[in-house]
There are 2 protein chains.
Amino acid sequence: MAEPTLRDVALLAGVSPRTVSNVVNGYAQVSPQTRAKVEKALEQLDYRPNVLARNLANGRSGQVAVVVPYLDTPYFAELLQAIIPRVRARGFNVLVDQTDGDRAHEAELIRRKARGFLYDGMILSPLGLSQADLAGRDPDLPLVILGERSSDGAFDHVGIDDVAASCEAVTHLLSLGRRRIAAVGDQPYATGEAAQRRTAGYRLAHERAGLPVDESLIVQTPRFNRVDGATAMARLLDRPDPPDAVFGYSDLVALGAIRVLLERGLRVPEDVAVVGYDDIEDGRYSTPSVSTISPDKSTIAEAAVDRLLRRIESRGPVTGEEFVVPWTLVARESTVGRGAP
Amino acid sequence: MAEPTLRDVALLAGVSPRTVSNVVNGYAQVSPQTRAKVEKALEQLDYRPNVLARNLANGRSGQVAVVVPYLDTPYFAELLQAIIPRVRARGFNVLVDQTDGDRAHEAELIRRKARGFLYDGMILSPLGLSQADLAGRDPDLPLVILGERSSDGAFDHVGIDDVAASCEAVTHLLSLGRRRIAAVGDQPYATGEAAQRRTAGYRLAHERAGLPVDESLIVQTPRFNRVDGATAMARLLDRPDPPDAVFGYSDLVALGAIRVLLERGLRVPEDVAVVGYDDIEDGRYSTPSVSTISPDKSTIAEAAVDRLLRRIESRGPVTGEEFVVPWTLVARESTVGRGAP
DNA sequence: CTGAAAGCGCTAACAA
DNA sequence: TTGTTAGCGCTTTCAG
């Protein structure tokens with residue numbers, strides 16, 4: 001049984017498709033009588049507009065792509081959870097994709113050929129993308145980049161100041177009297193910019209405190225997961241001069257590290273204090289709860305969606321904006337022990 | 001600068017749009033010479049098909065909606081992570097939405113009017129949906145329901161046998177000698193079917209063991225989050241006759257309960273053993289790690305996607321299938337202590 | 001194997 | 001205010 005079309009409604013109501021369209025979309029002025037007639041026909045046929053046809057006629061898909069590296073990483077899941085309702089509230093649908101942090105995949109997504117008018121814009125949280133990849137992107141694609149990368153002026157960027165935040169996290173540990181602070185998560189290669197900013201913050205904190213950095217305490221991990229934190233921590237504890245504190249580049253890294261510390265009978269924070277990054281929910285209810293850098297996710301989502309839709313709706317190119325989101329250091333049990341908030 | 005269309009390519013190549021379409025889609029046989037000409041033109045113009053137009057002509061959107069209650073709940077995030085690549089591998093895009101477990105929202109999504117050919121089918125993981133809501137759904141929408149609800153024959157259903165799994169979880173606790181096992185997460189009202197099946201399994205385990213059920217140990221929680229587990233656990237411990245084991249209706253509930261137990265200085269599992277449900281990653285790295293019912297998420301995703309796409313591709317109605325996915329009980333530290341796998 | 005042409009269902013410029 | 005009509009860009013039937 002074929003779906004009723006605008007035409008069917010028009011025929012039934014004895015008006016033109018144009019008028020029905022006006023009624024459906026609330027355009028222009030329609031006389032009350034006509035409107036009533038049309039609405040009755042609409043009702044009678046149980047008409048629902050065909051979005052596909054509308055999209056084609058409009059030249060817009062009404063869809064926005066949101067792309068993150070991993071959906072099952074709590075930070076990105078929480079971010080997505082914040083973004084989706086906001087996009088939908090503005091009348092757009094959300095197409096979701098994950099890249100597994102694969103640089104080629106990320107680069108492909110923003111390249112010209114990839115899109116086929118399937119989405120009107122994209123919010124991308126890249127992991128491996130290089131500046132060169134960004135340079136080769138589709139210049140007509142409204143794009144908001146999330147995370148630790150500054151805009152080159154042609155797309156919007158939303159994120160927190162990672163260097164400052166990392167510096168604060170490490171300063172917190174220093175202020176607790178810790179002097180052998182491990183930095184867990186460095187990635188000193190092209191696709192590790194996010195990690196490198198945290199390392200920069202780590203160095204900055206030491207510098208400001210007039211303390212030297214023990215390079216051997218800066219540990220690399222392939223990713224920012226629990227297993228990475230666990231593996232790194234185990235290695236650190238096997239050294240003759242283990243650290244008395246850990247700055248994990250994500251809360252998952254911190255949780256993995258804590259897991260190993262407790263397994264080895266060490267106390268957190270008494271023996272080793274740990275601070276993480278992201279403020280995911282897991283860290284709030286773990287034992288001990290995890291001190292962390294808490295980026296304001298609502299603000300990030302709000303800003304990203306707002307920037308993107310503004311750009312889509314204004315069509316033509318707009319100059320890229322840099323939007324720096326506030327963050328806070330949340331001190332929980334993993335650094336200040338029981339009685340922490 | 002307007003995008004090149006099929007027509008432009010045809011003009012440049014000196015053939016008809018029909019032929020270009022054939023080449024682009026690999027349809028029919030095209031003579032090598034013609035093909036070469038067309039491909040050159042394609043290349044030259046950097047042509048990319050307009051998906052919107054193609055969709056309209058095909059009467060299909062090439063999109064699948066995947067709807068879960070909460071994106072930031074690890075179980076659903078992990079499920080989504082498993083589903084998305086599989087859908088994309090079959091050439092479809094994924095539209096994601098979350099319902100916040102709101103029954104009205106869920107019911108609306110499967111109602112006739114909601115869709116506008118925007119998606120060709122839906123995978124829905126309902127929380128509050130009633131049988132009546134399901135009865136009122138759009139009969140033409142290919143639908144796969146995930147979770148604890150049996151099919152009425154007109155849609156597919158994929159899930160594990162919750163009663164059996166819950167029974168096994170509780171039997172595990174009984175086999176460890178526990179006799180005062182709390183069940184945390186019951187929801188004895190219309191929208192709590194999922195919870196009720198777990199409770200049924202809890203009862204069944206006792207029945208099989210020939211043991212009575214202490215009704216006061218079956219505790220209700222509004223949701224299955226950490227905070228619910230924590231709150232319930234606190235109340236249980238305030239009783240004069242606290243439990244010696246807990247069956248949490250999700251791993252989050254279990255983690256929340258463990259958190260409170262440790263805070264109060266109790267040992268897990270020595271004083272109180274805890275088992276959860278879902279096998280989320282958090283439970284594997286927490287201290288102690290959480291024993292749990294592990295549904296086979298890959299199989300769930302695989303089955304759901306396969307059923308849905310099969311239905312979409314075969315168009316006409318197919319009889320609904322019930323697909324029962326295997327699960328396992330994973331005994332970790334929260335029940336068997338250190339040395340657990 | 002390829003061309004001509006009729007839609008898919010909706011929007012919107014142009015008329016009336 | 002409302003009707004007429006020409007697309008949006010692609011697919012596909014029917015000829016040739």
Side-chain angles (χ1 to χ4, degrees), chain A residues 1-42 45-63 91 113 115-120 315, chain B residues 1-39 41-42 45-63 91 113 115-120 140 315:
Chain A
M1 202 193 70
E3 288 295 313
T5 72
L6 207 59
R7 234 184 115 110
D8 298 328
V9 178
L11 251 40
L12 179 61
V15 300
S16 82
R18 166 72 209 248
T19 302
V20 179
S21 176
N22 279 153
V23 172
V24 171
N25 296 298
Y27 281 173
Q29 293 311 314
V30 181
S31 77
Q33 310 94 297
T34 319
R35 170 177 301 274
K37 270 195 306 191
V38 172
E39 277 173 346
K40 190 170 155 225
L42 246 24
L45 293 170
D46 188 25
Y47 170 80
R48 43 183 173 166
N50 182 316
V51 188
L52 265 38
R54 176 180 292 176
N55 287 344
L56 177 59
N58 283 329
R60 290 201 343 188
S61 68
Q63 302 192 139
K113 297 285 276 189
R115 185 165 64 124
F117 298 90
L118 196 56
Y119 40 90
D120 300 325
R315 307 239 171 181
Chain B
M1 202 191 74
E3 289 294 314
T5 72
L6 207 59
R7 233 184 116 109
D8 298 329
V9 178
L11 252 40
L12 179 62
V15 301
S16 81
R18 165 71 211 244
T19 303
V20 179
S21 176
N22 280 150
V23 171
V24 171
N25 296 297
Y27 281 173
Q29 294 313 312
V30 182
S31 76
Q33 310 94 297
T34 318
R35 171 178 299 278
K37 269 195 307 190
V38 173
E39 277 174 346
L42 246 24
L45 293 171
D46 188 24
Y47 171 79
R48 45 183 174 165
N50 181 316
V51 187
L52 265 37
R54 176 179 292 176
N55 288 343
L56 177 59
N58 283 330
R60 290 199 346 185
S61 69
Q63 302 192 136
K113 298 284 278 189
R115 185 166 63 126
F117 298 90
L118 196 56
Y119 40 91
D120 300 326
D140 299 327
R315 306 237 173 182

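Side chains included, hydrogens not; waters and symmetry mates left out as well; all remaining heavy atoms used. Residue numbers begin at 1 in each chain, while the letters A, B, ... track the order of the sequences.
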Does [N] have its OP1 or OP2 closer than 4.0 Å to a side-chain nitrogen or oxygen of [X]?
X: A:T19; N: D:dT2; answer: no
X: B:N58; N: D:dT12; answer: yes
X: A:N25; N: C:dT11; answer: yes
X: A:S31; N: D:dT2; answer: yes
X: A:R18; N: D:dG3; answer: no
X: B:T5; N: D:dG9; answer: no
X: A:S21; N: C:dT11; answer: yes

What is the distance, rounded to the nearest whole Å, between atom [atom1] of [X] and atom [atom2] of [N]?
X: A:R7; N: C:dC10; atom1: CZ; atom2: C1'; value: 12 Å
X: A:L6; N: D:dC8; atom1: CG; atom2: P; value: 19 Å
X: B:L52; N: D:dT11; atom1: CG; atom2: C1'; value: 15 Å
X: A:L11; N: D:dT4; atom1: CG; atom2: C1'; value: 14 Å
X: B:N22; N: C:dC1; atom1: CG; atom2: P; value: 10 Å
X: A:N55; N: C:dT11; atom1: CG; atom2: C1'; value: 12 Å
X: A:N50; N: D:dG9; atom1: CG; atom2: C1'; value: 15 Å
X: B:L118; N: C:dG9; atom1: CG; atom2: C1'; value: 15 Å

### Message
Among D:dT2, C:dC10, D:dG9, which nucleotide has an atom closest to any side-chain atom of A:T34?
### Response
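When the side chain of A:T34 is considered, D:dT2 is the closest of D:dT2, C:dC10, D:dG9.
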- Query: Between D:dG3, C:dC8, C:dT2, which nucleotide gets closest to the side-chain atoms of A:S16?
  - Reply: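 Nearest to the side-chain atoms of A:S16, counting from C-beta on, is D:dG3.
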(message) Return whichever of B:P17 or B:A53 has its heavy-atom-nearest nucleotide of DNA chain C closer to the 5' end.
(response)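 Upstream on the strand: B:P17.
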Tell me, with the steps shown, if A:Q63 and A:N55 meet side chain to side chain contact (heavy atoms under 4.5 Å, CB included).
CA-CA 10 Å; A:Q63 302 192 139; A:N55 287 344; 5.7 Å; no
Practice problem: Output, in order, the C-alpha distance, side-chain angles, deciding distance and verdict of side chain to side chain contact (heavy atoms under 4.5 Å, CB included) for A:L56 and A:F117. | Solution: CA-CA 9 Å; A:L56 177 59; A:F117 298 90; over 6 Å; no
- Task: Only one of B:L6, B:L12, B:D8 passes side-chain contact (heavy atoms from CB on, under 4.5 Å) with B:Y47; say which it is.
- Result: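 So, applying the side-chain contact (heavy atoms from CB on, under 4.5 Å) to B:Y47 and each of B:L6, B:L12, B:D8, only B:L6 qualifies.
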Self-check item: Test log, rule side chain to side chain donor-acceptor pair (under 3.5 Å), inputs B:N50 and B:R54
Solution: CA-CA 6 Å; B:N50 181 316; B:R54 176 179 292 176; over 6 Å; no
Exercise for review: Search all heavy atoms of A:A41 against all heavy atoms of A:A13 and return the closest pair with its distance.
Suggested key: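 Minimum heavy-atom separation between A:A41 and A:A13: CB-CB, 3.8 Å.
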Exercise. Under 4.0 angstrom, heavy atoms only, what part of the nucleic acid is A:V24 near: base, sugar-phosphate, or nothing?
Worked result: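 Here A:V24 touches no strand at all.
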